[in-house]
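Everything on this sheet refers to the single structure shown next.
Proteins get letters first, then strands, A, B, ... in listed order; numbering begins at 1 in each. Just so it is clear, the model here is predicted, and its values are computed rather than measured. Just the heavy atoms: all of them, side chains too, but no hydrogens, waters or symmetry mates, feed the values below.
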Amino acid sequence: MRKTYKLYIGGAFPRSESGRSYVVNNAKGKFLANASQASRKDARDAVVAARKAFGGWHARTAYNRGQVLYRIAEVMEGRHQQFSSEVSQSEGLSIAKARAVVDASIDRWVWYAGWADKLAQVVGSSNPVAGPYFDFSLPEATGVVAVLAPQDSSLLGLTSVIAPAIVSGNTVVAVSSFERPLPAVTLGEVMATSDVPGGVVNLLTGSASEIGPWLASHDDVNAIDLCGVASDDEARDLEIAAAGNLKRVRRPADEDWSADQGLSRLTQYLELKTVWHPIGV
Amino acid sequence: MSRFEYAPAPESRAIVDIKSSYGLFVNGQFVEATDGKPFKTVSPASEEVLAEVGEAGPADVDKAVRAARKAFDKVWGPMSGKDRAKYLFRIARLIQERARELAVLESLDNGKPIRESRDVDIPLVAAHFFYYAGWADKLEYAGVGDDPQPWGVAGQVIPWNFPMLMLAWKIAPALAAGNTVVLKPAETTPLTALAFAEICQQADLPPGVVNIVTGAGRTGQALVEHPDVNKVAFTGSTAVGRAIAKSVAGTHKAVTLELGGKAANIVFEDAAIDQTIEGIVNGIFFNQGHVCCAGSRLLVQESVYDEVLARLKRRMSTLRVGDPLDKNTDIGAINSAAQLAKIRELSQIGEDEGAERWSPECELPANGYWFPPTVFTGVSQAHRIAREEIFGPVLSVLTFRTPAEAVEKANNTPFGLSAGIWTEKGSRILWMANQLRAGVVWANTFNRFDPTSPFGGYKESGYGREGGRHGLEAYLAH
């Protein structure tokens, strides 16, 4: 069935407010579908949704967030075939290789799911201060994270940048790969059916070059991941825009999405809160 | 009310030998600055000129960065962590041995009471070097992988409010991680950094590992923008932090920023009142309020507002403002004429916007830069004195009824550096600490610092942490 895919904002699937859509071709240039082309207004709506969802999501217990992420993996598995087909068509991979990419993406959700209730133990601390005080440091989500998702790796890359942000309690506005948006659209459908509260993950299909500047300069966005930005000049301009409210910036770098990810994407979107109290009787 | 007066108890300044002029400290030597105009540093308590200091221009900064690069490549980088640790331990010991001298010098140059420089600043400086010395040979245990690497040359710019302490926060973790540094102290308070340069010489620290370039904004900019600097660390205003974030955009430089704050100090009706009053006073009048994490917005639960205000005013009347070298002094001099003008301007705006201003009667010295401890009541959240960092001994008081309202008001700012909570109820402390969007939360205390404790802000108070394992992490590539 040929159809126009929609955006995923605040748990709903709206068309772009701009009324625009664009043609999505497969890796060989053959027509696949139409996708909504998100506008500045869509990005702003998505930030509002993400901010609204932040309070509830980061207040959940780590155990609960871990459960929800694991549920994402379970629901993805049910759509394995659809994802494999979309990854294969989008990235021009054989179906066997695409299946392996989907497996790796599911595994990645599982890996991050397990981090939810371990982060505070690994990253936090109790500090032996020189005085009669008890003092401990806890990691906490930084807030709304804007993600310009990888252009090449349409599912594994996307998963690898969203999962570490939300597992700690951040909410995300992600702009998918422009040429390869279908796995992102399907991931939105997974989010909508896997206990992820509306607004925690918002997926915009469209151009990172067009939407990126609005997200980078938005005062209610706390961090931005520039990994899907095409050129150094563009990344520099976005970083300059992000300095307006001192967003935490993740600069683009050559990344191997199939490799183990380590902690850096988790800690990138964390704040550390240190709490002091006197000790005495 | 009659009371006993204190006899003056001045600390002798004979222990300090201030030279009439200082050069830059580059590659282990004091050298003349070549492309800037020398400037004078004065004692803010008397306006006496203490010394003339060289201004490092871009060419001087370049020399310092080259020296740091060479030291990183040839000596400090290849050196074993065990050996680096020994240098840092030795520096810590030298600081302890020269503690009194450094405290007097700090109070002379900065205007802060000797009670604070002697009992807070300098002991913490030594403690930071001790703490990070022990990390130098244990980097693989810092939680950033089994082969953590230094960034290289760190360019560091520090403010005038805690000149020596900020130097320690910057230099100790940088050196422990294996970086070399070029540090620019603030133009109004360069003297203890130059004394630290001598300490590096006494410790036989290899030339180029620590370089000190004095100057103002231009020097700092040249340092931050130098292409061979790998890591930038800045403490200061949010405006300058923003400019730095822009200037490093598109580079590979690692950055940490410790910027402004407008901390809420929240008092619940069940708080232990005497302890709380001391905490409020410490929160805003410590170091003349020249503290980025100062408790400058007092949020008092309505039911105890009258009592808290009455007791606070009574306590403020006992604060002694005057000679920083007098051991009885609680509040010293404002650091500079420019800062005094800013405090006066914002206070005037507070009055113009309708808040009520109160200060205890106090005689201010004729010379120098002084501002009395001041409290504003009838402040609303929209007032500029409740939104902007004043960086002086000026407290704004607001009220609240419920814990939820206190959270709402406390978080209603683009800053997120620190907060205070005063209540006897443990569950409420933990609940509040969870709700507050701030990097440091002091419950039933305020303005505590320790080398083992991470410090740093949320939102526009900057990014990265200093202190503790997390402060070390900021100096390691991973």
Do you know which of [options] has the most heavy-atom pairs under 4.5 Å to chain B?
options: L238(A), V249(A), V123(A); answer: V123(A)
options: A235(A), A242(A), P278(A); answer: P278(A)
options: L226(A), L138(A), L263(A), V129(A); answer: V129(A)

Side chain from CB out, backbone as N, CA, C, O: work out which of these in [X] comes under 4.5 Å of a heavy atom of chain A, or both, or neither.
X: P414(B); value: neither
X: I421(B); value: neither
X: V248(B); value: both
X: L259(B); value: side chain

Distance-only donor-acceptor pairs under 3.5 Å across chain A and chain B:
{"residue": "V123(A)", "atom": "O", "partner": "R469(B)", "partner atom": "NH2", "Å": "3.2"}
{"residue": "V123(A)", "atom": "O", "partner": "H470(B)", "partner atom": "NE2", "Å": "2.7"}
{"residue": "A130(A)", "atom": "N", "partner": "D450(B)", "partner atom": "OD2", "Å": "2.8"}
{"residue": "Y133(A)", "atom": "OH", "partner": "R448(B)", "partner atom": "NE", "Å": "2.9"}
{"residue": "Y133(A)", "atom": "OH", "partner": "R448(B)", "partner atom": "NH1", "Å": "3.4"}
{"residue": "Y133(A)", "atom": "OH", "partner": "R448(B)", "partner atom": "NH2", "Å": "3.2"}
{"residue": "D135(A)", "atom": "OD1", "partner": "S453(B)", "partner atom": "OG", "Å": "3.3"}
{"residue": "D135(A)", "atom": "OD2", "partner": "S453(B)", "partner atom": "OG", "Å": "2.4"}
{"residue": "E140(A)", "atom": "OE1", "partner": "R437(B)", "partner atom": "NH1", "Å": "3.0"}
{"residue": "E140(A)", "atom": "OE1", "partner": "Y458(B)", "partner atom": "OH", "Å": "2.6"}
{"residue": "A141(A)", "atom": "O", "partner": "R437(B)", "partner atom": "NH1", "Å": "3.2"}
{"residue": "A141(A)", "atom": "O", "partner": "R437(B)", "partner atom": "NH2", "Å": "3.1"}
{"residue": "T142(A)", "atom": "O", "partner": "R437(B)", "partner atom": "NH2", "Å": "3.1"}
{"residue": "E239(A)", "atom": "OE1", "partner": "G250(B)", "partner atom": "N", "Å": "2.9"}
{"residue": "G244(A)", "atom": "O", "partner": "R242(B)", "partner atom": "NE", "Å": "2.7"}
{"residue": "G244(A)", "atom": "O", "partner": "R242(B)", "partner atom": "NH2", "Å": "3.4"}
{"residue": "R248(A)", "atom": "NH1", "partner": "K459(B)", "partner atom": "O", "Å": "3.1"}
{"residue": "R248(A)", "atom": "NH1", "partner": "G462(B)", "partner atom": "O", "Å": "3.2"}
{"residue": "R248(A)", "atom": "NH2", "partner": "G457(B)", "partner atom": "O", "Å": "3.1"}
{"residue": "R248(A)", "atom": "NH2", "partner": "G462(B)", "partner atom": "O", "Å": "2.7"}
{"residue": "R251(A)", "atom": "NE", "partner": "T251(B)", "partner atom": "O", "Å": "3.3"}
{"residue": "R251(A)", "atom": "NH1", "partner": "T251(B)", "partner atom": "O", "Å": "3.2"}
{"residue": "R251(A)", "atom": "NH1", "partner": "K253(B)", "partner atom": "O", "Å": "2.7"}
{"residue": "R251(A)", "atom": "NH2", "partner": "V248(B)", "partner atom": "O", "Å": "3.3"}
{"residue": "R251(A)", "atom": "NH2", "partner": "K253(B)", "partner atom": "O", "Å": "3.1"}
{"residue": "E271(A)", "atom": "OE1", "partner": "R465(B)", "partner atom": "NH2", "Å": "3.0"}
{"residue": "L272(A)", "atom": "O", "partner": "R465(B)", "partner atom": "NE", "Å": "3.0"}
{"residue": "L272(A)", "atom": "O", "partner": "R465(B)", "partner atom": "NH2", "Å": "3.0"}
{"residue": "K273(A)", "atom": "NZ", "partner": "A433(B)", "partner atom": "O", "Å": "2.5"}
{"residue": "K273(A)", "atom": "NZ", "partner": "N434(B)", "partner atom": "O", "Å": "3.2"}
{"residue": "K273(A)", "atom": "NZ", "partner": "L436(B)", "partner atom": "O", "Å": "2.5"}
{"residue": "T274(A)", "atom": "N", "partner": "G439(B)", "partner atom": "O", "Å": "2.8"}
{"residue": "T274(A)", "atom": "O", "partner": "V441(B)", "partner atom": "N", "Å": "2.7"}
{"residue": "T274(A)", "atom": "OG1", "partner": "P454(B)", "partner atom": "O", "Å": "3.0"}
{"residue": "W276(A)", "atom": "N", "partner": "V441(B)", "partner atom": "O", "Å": "2.8"}
{"residue": "W276(A)", "atom": "O", "partner": "A443(B)", "partner atom": "N", "Å": "2.8"}
{"residue": "H277(A)", "atom": "NE2", "partner": "N444(B)", "partner atom": "ND2", "Å": "3.2"}

**OP:** Assess whether atom CZ of F89(B) is packed by more than 12 heavy atoms of other residues, nucleotides or ligands within 6.0 Å.
**Re:** yes
Subject >> Residue W111(A) excluded, over 12 heavy atoms near CH2 under 6.0 Å >> reply: yes
Subject >> Minimal non-hydrogen separation, A245(B) against A243(A), with atom names >> reply: CB-CB, 3.6 Å
**OP:** Name the option with the most non-hydrogen atom pairs under 4.5 Å to chain A; the candidates are G143(B), G468(B), A438(B).
**Re:** A438(B)
Subject >> Option that, when pairs with chain A are counted at under 4.5 Å, heavy atom only, ranks first among A433(B), A249(B), G250(B) >> reply: A249(B)
